[in-house]
Every structure is written in structure tokens, then in C-alpha cells.
Amino acid sequence: MNFNKKQLTIYNSLEGKKVLFNPIKDGFVGLYVCGPTVYNKVHLGNCRTFISFDMVYRYLLHLGYKVRYVRNITDVGHLVDDSDQGEDKILKKARLEKIEPMEVVQQYTLDFHKVMNDFNCLSPNIEPTATGHIMEQIEMIRVIIDNGFAYESNGSVYFDVEKYNRKQNYGELSGRKIEDLISNTRELDGQTEKRGPFDFAIWKKASSEHIMKWRSPWGFGFPGWHLECSAMSTKYLGDEFDIHGGGMDLKFPHHECEIAQAMASNGKKPVRYWMHGNMLTLNGKKMSKSIDNSILPGELFSGENDFMDKPFDPMVVRFFMMQAHYRSTLDFTSEALSAAEKGYHRLLNTINEIENLPTNVDSSESVLKIVKSFYDAMNDDFNTPVLIANIFEAVKYINSVKKGDETISSSDRQLLKEEMSTFLFYVLGLKDSNLKSEDRLSPVMDLLLQLREEARNNKDWKTSDKIRDGLASIGITIKDSKNGSSWD
RNA sequence: GGUCCCGUGGCCGAGCGGUUAGGCAGUGGUCUGCAAAACCAUCUACAGCGGUUCGAAUCCGCUCGGGACCUCCA
């Protein structure tokens with residue numbers, strides 16, 4: 001298909017509007033997404049961001065770009081709070097559970113990967129860890145100090161935000177002015193090491209009993225949270241790269257700090273297109289670990305939670321998320337998920353029937369136009385809800401062809417099948433997790449349906465209903481139609 | 001308090017100045033031994049009040065309500 005990939009528009013947080021996407025190097029895209037801090041199981045809200053950017057990655061690939069997708073694992077440096085004695089999240093967890101910090105990291109990294117796999121997310125090309133890039137981070141700190149934008153204080157190194165702001169614009173991404181920030185800030189205890197209230201640690205001194213620490217020019221310590229992303233994105237994607245993604249809540253201060261660090265070290269704006277996914281809400285409030293308003297993916301899949309009436313398949317959850325735009329908040333309710341579940345199954349049923357459609361010399365609808373509507377939706381800042389609406393329009397057409405009210409040519413049938421599969425399975429990253437895929441069950445079911453058919457022909461309703469109701473009780477639905485029976 | 005976003009029919013959710021979004025539910029039909037499933041058709045909107053415009057869900061102002069960030073968060 002020669003649908004022009006040059007028509008892709010992306011909402012750039014830096015400019016506050018949709019702009020045409022032009023990669024730095026023609027045909028190649030550098031994509032960096034802030035990954036999880038592995039001190040806990042990922043909750044569903046975290047997952048939404050990664051699923052959104054998985055979709056972005058997939059669509060860029062589909063457009064033919066060679067994408068280098070980097071998503072980090074934060075395994076050190078993420079502090080519980082911003083005071084001088086702010087504790088490392090991983091270390092705190094290790095202390096509470098009385099295990100090694102790296103055991104914490106290992107445990108939750110594995111959990112994260114499992115969940116990403118459940119949601120059918122593609123792996124990034126590179127998944128770097130903060131602890132694996134200590135040298136790069138130390139080097140970046142040295143450069144920032146040399147350039148005069150950071151200072152050492154009592155074994156820690158802080159980024160001098162006010163000094164930076166005199167030369168550059170701190171706050172350009174989040175639309176903040178440093179004067180407003182200062183006048184509105186509340187006094188935090190224990191910030192004596194910092195020159196300014198918004199200075200942030202790029203290196204933290206470690207006490208003697210601290211387990212996770214490395215030797216540096218400033219003594220033993222560990223790197224600050226914001227720094228890892230700058231160091232690793234620079235290392236793998238260069239001083240300037242195309243797309244940086246993350247959750248809305250990272251916009252300030254995390255991403256703001258990333259820009260400042262990069263500018264302070266090499267004078268270049270690191271990122272062309274900043275993309276921010278919106279929050280998931282539960283009971284109308286942001287899903288968040290810190291306010292105890294969250295649900296774990298596993299709890300959603302198993303049904304063991306206080307929020308939902310029943311379990312939901314990961315693909316249903318993914319489909320539900322794709323029915324909302326990535327920049328909109330999405331409210332999770334049992335009712336809404338159930339609605340998505342029905343719609344999703346209907347979609348799968350129809351797509352499985354395309355190849356059996358009767359063909360004609362001509363098509364009564366322009367399949368090309370339908371396919372174009374898929375691309376138009378995605379090119380408009382990855383508008384997946386509109387894409388899905390357009391796919392449902394195609395479903396209506398397919399059913400009309402099946403009924404005989406509309407026609408489709410053999411080549412169009414092939415095209416429609418390919419494009420619908422591509423968008424549904426490849427771009428949106430869904431998959432058909434039906435029982436049908438279990439090969440051994442299929443012949444057994446054929447046999448049962450045959451027996452029931454014979455009973456029905458003999459008007460032996462007792463036997464036929466026994467088969468139907470028995471199957472229903474174990475979750476298999478018999479679907480009778482003119483052309484015989486099938487199951488789901 | 002500061003900065004910003006949002007308020008769409010029973011529920012979810014698109015829409016970015018003029019044409020049916022879409023899904024689920026509801027209603028009516030087709031099909032059927034009964035049913036289920038499937039399919040078709042179809043009803044409920046744009047928080048309120050002003051303004052701009054030939055024309056506003058869409059732009060502007062105010063009011064009310066909700067949310068995010070400003071402190072760790074995807």
C-alpha cells in the first residue's frame with residue numbers, strides 16, 4: 001500500500017499542538033519511553049502508558065520506519081521524597097522485605113515483563129538499567145559541573161536550576177515559570193544542602209551503611225533519578241532524537257529536568273517530539289499507588305479485586321484502552337469493560353468470517369476508502385478510537401455482504417482481510433485468545449455438534465438441548481444459523 | 001494559592017465552526033422446535049448563562065462541577 005507515511009501528525013507537548021512528524025534521519029526513528037521503577041508490582045495505570053507507546057511503536061514500524069525503541073528500567077536512584085535524607089525506593093523495599101536490593105529489582109522486573117507479555121506488548125530494542133550505566137551518568141555529571149550548571153555539596157551534586165534558567169528556559173515543557181514556582185513553593189525541611197529550592201540531585205551521597213553505592217569523584221554515592229534517562233537516551237539515541245514518551249505525571253519535574261540536563265551538558269535540545277499519555281482513573285480519581293487507588297493487572301485478569309464484577313482477559317483490557325485516545329483520561333469501570341468485551345468479540349467473529357464471504361465482479365463499497373480511513377485515523381495523532389469506529393464500519397459492510405445486500409470483489413476481500421488484520425492485530429496489538437485456537441478441542445466440538453445435529457433432525461430435543469445446555473454451563477456457546485451450527 | 005485540562009445521550013468514548021462518530025445497554029425486526037448467538041433498523045446528547053457568527057458540542061467570557069501538576073508517581 002502506498003499510504004503516505006509523511007502524513008503522520010503527533011501532538012507535541014513542547015509546542016502544545018499537533019505537528020507533522022519528520023524524523024531527524026529519513027526512515028529512522030529514535031523512541032525513548034520512561035520505564036518503571038521496579039520497587040513494586042506495576043499497576044494498571046503504569047501499564048496504560050506502556051501499552052499506548054507499544055501502539056505508537058507498532059504503528060511507526062507498520063509505516064516502514066526503522067525504529068530504535070529504548071525503554072529503561074529504573075533500579076536505583078528513585079527517591080521516596082526530595083529532602084536531603086530522601087530514601088531510595090528500591091532500598092526501602094529491600095529493607096522492609098529483608099532482601100537484597102537486587103532481589104527486589106529482579107522480582108519486579110520479572111513481574112513487569114510478564115505483565116507486558118500478557119498485554120502483548122513488543123519488547124523494546126534496548127532496555128537499559130540505571131545501575132548498568134553508572135559510568136555514563138558520572139561522566140555526564142562531570143560535564144554538567146564543568147559547564148557550571150551543577151555544584152557539589154556535602155558529597156552530593158545538585159543541578160543549579162536558577163543558574164540554568166538565567167541562560168535557558170527551565171519550564172518550557174510544562175509551561176512553568178521559575179519565579180512562580182519559587183513563590184508558590186512550600187518550605188521543605190532538610191534542604192540545607194541545596195542552594196535553591198528547585199535544585200535537584202544528580203548524585204547523592206551514600207552513608208556508610210548504604211548498600212547501593214558506587215565510587216565517584218565526589219565520594220561514594222548513587223545517581224539521581226532524572227539523570228539516568230538523560231544518560232541512557234543520549235548513549236543509545238544520541239544528543240538529539242525523535243520521540244520521548246512517558247506518563248503525564250512525569251512532565252514535571254522529571255522531563256523538565258531531562259531537558260535541562262541535556263542542555264547543560266551539550267547545549268542541544270534532546271528531543272524533537274515529546275509525547276505524554278494520560279492517566280487512568282478508578283472511581284473517577286487518578287490510579288495511583290501513593291493514594292492507594294490502584295488495581296493490579298493480575299487482579300483484573302483473575303477477577304480477585306474489589307472494583308470489577310468479573311475477570312477480564314488482557315486483550316479485552318487492551319481493546320478497552322485502545323477505545324480511548326492516549327491523551328484522554330480513561331475511567332475504569334466494570335460496566336465499561338463489559339461493553340468493550342462484547343464489542344471486541346463481535347469484531348473478532350466478523351474478521352474470522354471475511355475469507356468465507358461470497359465474492360462478486362465488483363465491490364459495492366470502496367474498500368480502498370475504508371482502508372484509507374484506517375490510516376487517516378492513525379495519522380491523526382494515533383487516534384485509535386476513531387480507527388476502531390472505522391473498523392466497525394467495515395464490520396457492518398462485511399455483514400451486509402454476507403447477507404447479500406452488498407458485494408465485494410475477490411481482490412477487495414483479500415485487501416480488506418489483510419488490512420483489518422494488520423490494524424487489529426499488528427497495529428493495535430490485539431490477538432484472538434479464543435478457545436478455538438486449542439487444536440485438540442476443535443475435532444471434539446465438531447463431533448458434538450454433529451451428534452446434536454442428528455438429534456435435532458430426529459426432533460430429539462431432549463438430547464440436543466442437553467448438549468447445548470451442557471456446553472453452555474462450561475462457557476461454550478452454540479451458534480445456530482441457516483448454514484449449520486458453530487461454537488464460540 | 002499558582003499553572004493547566006475536562007464536563008457529550010442509561011454507561012464508555014470520538015469530535016477542533018456547517019454532514020449519522022463508534023461500542024455497550026434499551027426498543028423493534030430477521031432467523032429459530034424453543035432459546036441463545038448472529039445480523040438489520042432505531043430512540044435518548046452536547047453542564048448552565050451570555051457573546052461572536054449566516055451557522056457553535058466545536059470560538060470568547062462568566063458561573064457551577066470534576067480532575068491533573070506544583071512533593072514520589074506511568
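Convention: sequence-line order gives letters A, B, ...; per-chain numbering from 1.
- A cation-pi arrangement is absent between A:Arg71 and A:Phe53, since the terminal nitrogen or guanidinium carbon is not both under 6.0 Å from the aromatic centre and inside a 45° cone about the axis.
- Ring geometry for A:Tyr59 versus A:Tyr375: interplanar angle of 30 to 60°, hence tilted.
- In this pair, A:Tyr170 and A:Phe252 present their aromatic rings perpendicular. The plane angle is above 60°, beyond the 30 to 60° band.
- Within 4.0 Å (heavy atoms only), A:Gly277 reaches no atom of the nucleic acid at all.
- The base-pairing partner of B:C46, taking Watson-Crick or G-U wobble contacts with both distances under 3.5 Å, does not exist among the strands shown.
- Summary of the strand contacts: A:Phe252 and A:Ser464 both lie near RNA chain B, and taking for each the nucleotide with the nearest heavy atom, the more 5' one is attributed to A:Ser464.
- Between A:Arg468 and B:A36, a side-chain N or O to OP1/OP2 separation shorter than 4.0 Å is absent.
- Side chain A:Asn390 to base B:A21: no donor-acceptor pair is found below 3.5 Å.
- Among the heavy atoms of the strands lying under 4.0 Å from A:Lys342 are primed sugar atoms or P, OP1, OP2 only; no base atom is included.
- Taking a 4.0 Å limit (strictly below) on heavy-atom distances, residues 391-408 of chain A reaches RNA chain B at A:Phe392, A:Glu393, A:Lys396, A:Asn399.
- Taking a 6.0 Å sphere around NZ of A:Lys89, one finds it holds more than 12 heavy atoms contributed by other residues, nucleotides or ligands.
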Q. When every nucleotide of nucleotides 8-14 of chain B is labelled 5' to 3' by its protein contacts under 4.0 Å (heavy atoms), B for base, S for sugar-phosphate only, - for none, what sequence of letters results?
A. ---SSSS
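- Of the residues A:Lys92, A:Arg95, A:Lys93, the one that meets the salt bridge (charged side-chain N to carboxylate O under 4.0 Å, His left out) test with A:Glu87 is A:Arg95.
- Rounded to a whole Å, the NZ atom of A:Lys289 is 9 Å from the C1' atom of B:A74.
- Look at A:Arg346 and you'll find a side-chain N or O under 4.0 angstrom from OP1 or OP2 of B:C24.
- Ring orientation note: the planes of A:His254 and A:His226 are tilted relative to one another, at an angle of 30° to 60°.
- Among the protein residues, A:Lys285 comes within range of the sugar-phosphate backbone only, with heavy atoms under 4.0 Å from sugar or phosphate atoms but none that close to a base.
- If you check every strand for non-hydrogen atoms under 4.0 Å, A:Met248 touches nothing.
- Taking the 5.5 Å centre cut-off and the 30° plane limit, the aromatic side chain of A:Trp461 is classed as stacked on B:G33.
- Note on A:Gly245: nothing from the nucleic acid sits closer than 4.0 angstrom, heavy atoms only.
- Residues A:Leu237 and A:Gly30 share a closest heavy-atom pair of CD2-CA, 3.8 Å.
- Checking B:A74, B:C72, B:A37 against every side-chain atom of A:Thr477, the shortest atom distance belongs to B:A37.
- Nucleotide B:C54 forms a pair with B:G18, judged by Watson-Crick or G-U wobble geometry with both contacts under 3.5 Å.
- Within 4.0 Å of A:His78, counting heavy atoms only, lie sugar-phosphate atoms of the nucleic acid but no base atom.
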